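Lettering follows sequence order; numbering is per chain, from 1. Every value quoted in this text rests on a predicted model; they were computed, and no experiment measured them. Just so it is clear, the values below take in all heavy atoms, side chains as well, and ignore hydrogens, waters and symmetry mates.
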Amino acid sequence: MLRTHTCGELRLDCVGTPVTLCGWVDSYRDHRGVVFIDLRDRYGITQVVFQLELDSAVQALARDLRGEDVIQVSGSVVARGEGLENPKLATGQVEVRAESLSLLNKSKTPPFEPRTFDLPNEELRLSHRYIDLRRPQLQSNLILRHKLTISVRKYFDERDFLEIETPMLGKSTPEGARDYLVPSRVTPGAFYALPQSPQIYKQLLMVAGYDRYFQLARCFRDEDLRADRQPEFSQIDVEMSFVNQEDILQTIDGLISRTVRDLRGTEHPLPLPRYTHAEVMERFGTDKPDLRFGMELIDIGEIAATCGFSVFQKTIESGGRVRGIRVEGAAEKFSRKAIDELTVFVGNHGAKGLAFFRVKDGELDSPIAKFFTPEQQKAIIQRLEAGPGDLLFFVADKGSVTSAALSALRNRLGKELGLYDPNELKVAWVLDFPMFQWDEDEGRWVAEHHPFCQPHEEDIPYLETDPGRVRAQSYDLVCNGYEAASGSVRIHDSVVQQKIFSLLGISGEEAELRFGFLLNALRYGAPPHAGIALGLDRWVMLFLGNDSIRDVIAFPKTQKASDLLTGAPSEVDSRQLRDLHIRVELPGGK
RNA sequence: GGGGCCGUAGCUCAAUUGGUUAGAGUACCGGACUGUCGAUCCGGUGGUUGCGGGUUCGAGCCCCGUCGGCCUCGCCA
């Protein structure tokens with residue numbers, strides 16, 4: 001070992017101990033007669049002091065140290081004098097009085113310093129990720145991620161779950177996200193797909209009798225990125241046999257409680273609240289509501305139907321909806337210009353306009369107020385439980401547009417007005433998603449969750465008559481406006497499974513071709529089973545109160561899915577392509 | 001595929017309606033300083049304003065294209 005201690009552990013009780021530390025020079029302060037070095041490793045920072053009495057060679061070496069040099073220092077721990085402590089450092093009551101110094105590796109001047117206050121742009125951070133990762137902030141993110149995975153593994157291990165790895169090289173299946181493909185060398189023209197999730201494998205494990213399975217699974221989806229979405233990510237994947245929905249919910253309730261206790265040292269109240277999909281869509285306009293604040297969506301259809309404002313009236317006549325939100329005490333906070341900006345914002349979510357009213361004493365103030373009788377104005381105020389000084393926003397459109405626009409507006413205002421504590425975790429279940437959604441473009445039903453999901457028993461008759469009415473035995477876990485987990489009770493009967501496939505427009509022949517192995521497995525004694533997958537990266541992000549998933553991944557990709565550090569993806573040698581029987585045809589015919 | 005924001009010194013930013021030699025802080029280099037801790041003080045190096053074209057007497061600023069980063073809609077069973 002090149003060191004006896006880390007840079008984060010020396011305290012007053014170590015005074016007098018001879019120590020050797022290794023680390024990076026975080027900063028230097030040269031006073032000619034005395035040189036201070038803040039030495040950093042992932043455990044913390046310790047101040048090293050080089051004094052005048054030292055050997056002149058050591059003095060000279062110390063004076064030449066610059067940021068990010070890697071050094072080894074030996075000396076003794078001394079208490080800092082009265083008034084010389086640094087309360088900002090955990091080690092700030094002591095310092096190491098250096099006796100010898102060796103420069104393990106001189107650093108080039110780094111493009112930015114880990115201790116920087118003004119974070120450089122993300123491009124530079126990603127291309128020099130090894131420096132960015134030296135920042136205490138990112139280090140503590142990855143440490144928390146580690147703690148979460150340990151906590152998860154302990155929780156499941158203590159409950160007889162087995163962690164079982166499933167293949168990365170699998171079979172491409174239709175439906176779902178775009179696959180990342182891997183060409184086969186030995187079977188020309190054939191491809192593996194990287195897993196979007198271990199879904200089918202874990203169901204096969206249930207058939208095989210591994211009745212409690214979990215895995216920290218790497219998953220891949222070739223879709224466009226977002227702040228909370230990376231093309232490769234990790235799931236806490238769980239599946240259980242001989243259980244129903246209730247068992248899964250309770251198991252995951254326990255997991256959330258356990259991880260919150262392990263990571264935050266606090267007790268999270270259980271059971272986690274449960275909502276139906278229909279309820280959250282009505283109250284929040286989204287299937288992943290941020291429950292840290294109110295400002296729920298209110299329907300004023302009845303009032304709108306008879307008012308003199310033709311936009312509202314016609315929307316109701318044509319089967320649309322008029323819904324709104326009440327922004328408490330915001331009447332004076334939003335100028336006309338600010339409201340215009342919000343109008344553009346909801347426009348990006350499909351709304352053709354944004355009506356607003358400022359609430360005065362018992363009446364409404366707005367360019368469109370004149371289209372509403374005093375009684376109607378009172379009715380609106382009453383309906384939204386509004387008081388003087390409140391600001392009301394309304395969107396009139398197809399129901400789905402009012403949901404999309406108002407939920408986006410609600411999220412934006414909630415954040416901008418600071419209506420919640422960003423560190424709070426508000427976790428809840430959303431149950432009974434619809435089985436299918438009608439896809440306008442493709443002119444067919446598509447699975448809302450996935451095609452292996454068990455419908456509610458009482459809705460099975462609607463499979464043939466009214467698929468849109470069929471509710472799935474599915475459940476999402478939402479947290480702070482994010483989908484943090486998603487799961488369902490699975491179909492364990494090949495006849496039902498085939499029925500679902502055919503409803504999705506997958507013929508019996510195609511189903512056999514694509515999923516024959518699964519249908520077959522279901523014929524050989526498949527137990528009732530159910531499962532769920534939690535987005536690991538998102539949970540880490542949520543625990544940190546962060547809103548970028550990249551800050552909890554050691555080596556993330558950019559929005560174009562490239563790795564600025566290594567240069568991936570890149571062209572490959574023509575010989576590699578030949579081995580794989582692949583000819584490349586670039587767009588534009590190059 | 002669509003919409004938006006951004007790109008100026010190694011880094012973070014500034015630069016008046018389009019107008020002189022593109023500035024500041026920091027980093028870096030040199031000097032001063034025996035207790036600092038985002039050290040301080042003095043001096044200095046450092047620029048293809050992402051790239052290519054255009055408009056103009058004149059472009060960091062306006063226009064077109066392009067590359068890259070971020071946010072977002074679509075997409076993400």
Side-chain angles (χ1 to χ4, degrees), chain A residues 26-39 45-54 59 64 66-68 78 80-89 91-92 95 97 108-113 115-128 131 173-179 196-197 199-200 219-231 233 341 344-350 404-405 408 411-412 433 435-437 439-441 445-453 472 474 483 486 488 500-501 504 506 515 533 535 547-548 550 557-560 562 564:
Chain A
D26 195 61
S27 68
Y28 67 94
R29 293 174 293 279
D30 180 0
H31 288 248
R32 186 75 169 192
V34 57
V35 177
F36 299 96
I37 298 292
D38 283 350
L39 195 62
I45 288 178
T46 299
Q47 174 166 284
V48 180
V49 57
F50 295 85
Q51 292 186 303
L52 197 58
E53 305 85 69
L54 276 173
Q59 263 282 344
D64 281 340
R66 292 296 178 268
E68 302 315 300
V78 298
R80 297 205 194 180
E82 183 80 22
L84 297 179
E85 304 93 343
N86 185 349
K88 291 179 190 165
L89 295 181
T91 60
E95 63 191 2
R97 190 156 297 173
K108 283 177 64 179
T109 301
F112 63 98
E113 298 189 294
R115 66 183 187 127
T116 187
F117 287 86
D118 297 313
L119 217 48
N121 70 56
E122 199 134 13
E123 204 173 340
L124 189 78
R125 290 177 51 201
L126 290 172
S127 60
H128 296 80
I131 292 173
T173 55
E175 303 266 320
R178 198 174 292 113
D179 285 321
Q196 296 177 25
S197 79
Q199 182 61 36
I200 291 177
C219 304
F220 306 84
R221 295 179 188 175
D222 187 4
E223 298 291 348
D224 285 352
L225 285 79
R226 287 286 186 284
D228 65 338
R229 267 170 24 198
Q230 282 275 306
F233 61 100
E341 205 182 303
V344 171
F345 176 75
V346 296
N348 294 335
H349 295 269
N411 280 340
R412 175 173 167 163
F433 277 64
M435 268 298 275
F436 309 104
Q437 256 193 346
D439 186 314
E440 295 281 351
D441 296 336
W445 293 100
V446 295
E448 168 87 20
H449 181 46
H450 58 53
F452 316 111
C453 198
S474 70
E483 177 193 318
S486 185
S488 63
I500 301 294
F501 281 147
L504 293 170
I506 302 172
F515 297 109
D547 48 20
S548 173
R550 292 185 296 278
K557 303 246 183 313
T558 69
Q559 197 164 48
K560 280 192 66 190
S562 63
L564 295 181

Task: Base paired to C70(B) (Watson-Crick or G-U; both N/O distances under 3.5 angstrom) - done: G4(B)
Please list, pair by pair, any protein nitrogen or oxygen found under 3.5 Å from a nitrogen or oxygen in nucleotides 41-46 of chain B.
none

Task: Rounded distance in Å between the C1' positions of C6(B) and U49(B) - done: 14 Å
- [ ] Can you label the angle between the Phe515(A) ring and the Phe501(A) ring as parallel, tilted or perpendicular, going by 30° and 60°?
- [x] parallel
Open item on the list: Can you check the distance between C63(B) and G18(B), where both ends of the measurement are the C1' atom (answer in whole Å)?
Closed with: 13 Å
Open item on the list: Between Ala447(A) and Val34(A), which residue's closest nucleotide on RNA chain B lies nearer the 5′ terminus?
Closed with: Val34(A)
Open item on the list: A side-chain contact here means heavy atoms from C-beta on lying under 4.5 Å apart; do Thr109(A) and Arg66(A) qualify?
Closed with: no
- [ ] Check whether the side chain of Arg32(A) and the base of U36(B) form a donor-acceptor pair under 3.5 Å.
- [x] no
Open item on the list: Roughly how many Å apart are U55(B) and C11(B), using the C1' atom of each and rounding to a whole number?
Closed with: 34 Å
Open item on the list: Heavy atoms only, 4.0 Å cut-off, all strands: where does Arg550(A) land among base, sugar-phosphate and nothing?
Closed with: sugar-phosphate
TODO: Just call it for Glu53(A): base, sugar-phosphate, or nothing, with non-hydrogen atoms closer than 4.0 Å on any strand.
DONE: nothing
- [ ] Assign Gln59(A) to base, sugar-phosphate, or nothing according to its heavy-atom contacts below 4.0 angstrom with the strands shown.
- [x] nothing
Open item on the list: It should be established whether Tyr28(A) places a side-chain nitrogen or oxygen under 4.0 Å from OP1 or OP2 of nucleotide A27(B).
Closed with: no
Task: Under 3.5 Å donor-acceptor, Glu68(A) side chain and Lys108(A) backbone - done: no
Open item on the list: Any N or O donor-acceptor pair under 3.5 Å from the base of U26(B) to the side chain of Glu113(A)?
Closed with: no
What N/O pairs connect the protein and nucleotides 9-12 of chain B at under 3.5 Å? Give each pair on its own line.
from	atom 1	to	atom 2	distance (Å)
G10(B)	O2'	Pro111(A)	O	3.4
C11(B)	O4'	Pro111(A)	O	3.3
U12(B)	OP1	Asn121(A)	N	2.7

Open item on the list: Regarding C76(B), can its base be found pairing with the side chain of Arg229(A) as donor and acceptor, where the two atoms are less than 3.5 Å apart?
Closed with: yes
- [ ] Name the nucleic acid region contacted by Ser197(A), choosing base, sugar-phosphate or nothing; use a 4.0 angstrom heavy-atom cut-off, strictly under.
- [x] base
Open item on the list: Could you check whether Glu113(A) pairs with Arg115(A) (Lys NZ or Arg NE/NH1/NH2 to Asp/Glu carboxylate O, under 4.0 Å)?
Closed with: yes
Task: Base G50(B) to side chain Glu123(A), donor-acceptor N/O within 3.5 Å cut-off - done: no
TODO: Please list, chain by chain and in numerical order, all residues satisfying side-chain hydrogen bond (donor to acceptor under 3.5 Å, both in side chains) with Arg412(A), sequence neighbours excluded.
DONE: Glu341(A), Glu416(A)
Open item on the list: Between Arg29(A) and Phe36(A) (side chain of the first, backbone of the second, donor and acceptor by atom type, cut-off under 3.5 Å), is there such a pair?
Closed with: no
Task: Identified pairing partner of G19(B), criterion: Watson-Crick or G-U wobble below 3.5 Å - done: C57(B)
TODO: Mark yes or no for whether Glu95(A), through its side chain, and Val78(A), through its backbone, hold a donor-acceptor pair below 3.5 Å.
DONE: no
Open item on the list: Considering every strand and a 4.0 Å limit on heavy-atom distances, what is the contact class for Gln47(A): base, sugar-phosphate, or nothing?
Closed with: base
- [ ] Give one of base, sugar-phosphate or nothing for Asp222(A), where a contact means two heavy atoms less than 4.0 Å apart.
- [x] nothing
Open item on the list: Under the criterion of centre distance below 5.5 Å and interplanar angle below 30°, is His31(A) classified as stacked on the base of A39(B)?
Closed with: yes
TODO: With heavy atoms under 4.0 Å as the rule, sort Gln196(A) into base, sugar-phosphate or nothing.
DONE: nothing
- [ ] Look at all strands and tell whether Leu225(A) reaches a base, only sugar-phosphate, or nothing, counting heavy atoms closer than 4.0 Å.
- [x] nothing
Task: Any donor-acceptor N/O pair under 3.5 Å between C70(B) base and Arg226(A) side chain - done: no
Open item on the list: So Arg80(A), base contact, sugar-phosphate only, or nothing? Heavy-atom distance under 4.0 Å.
Closed with: base
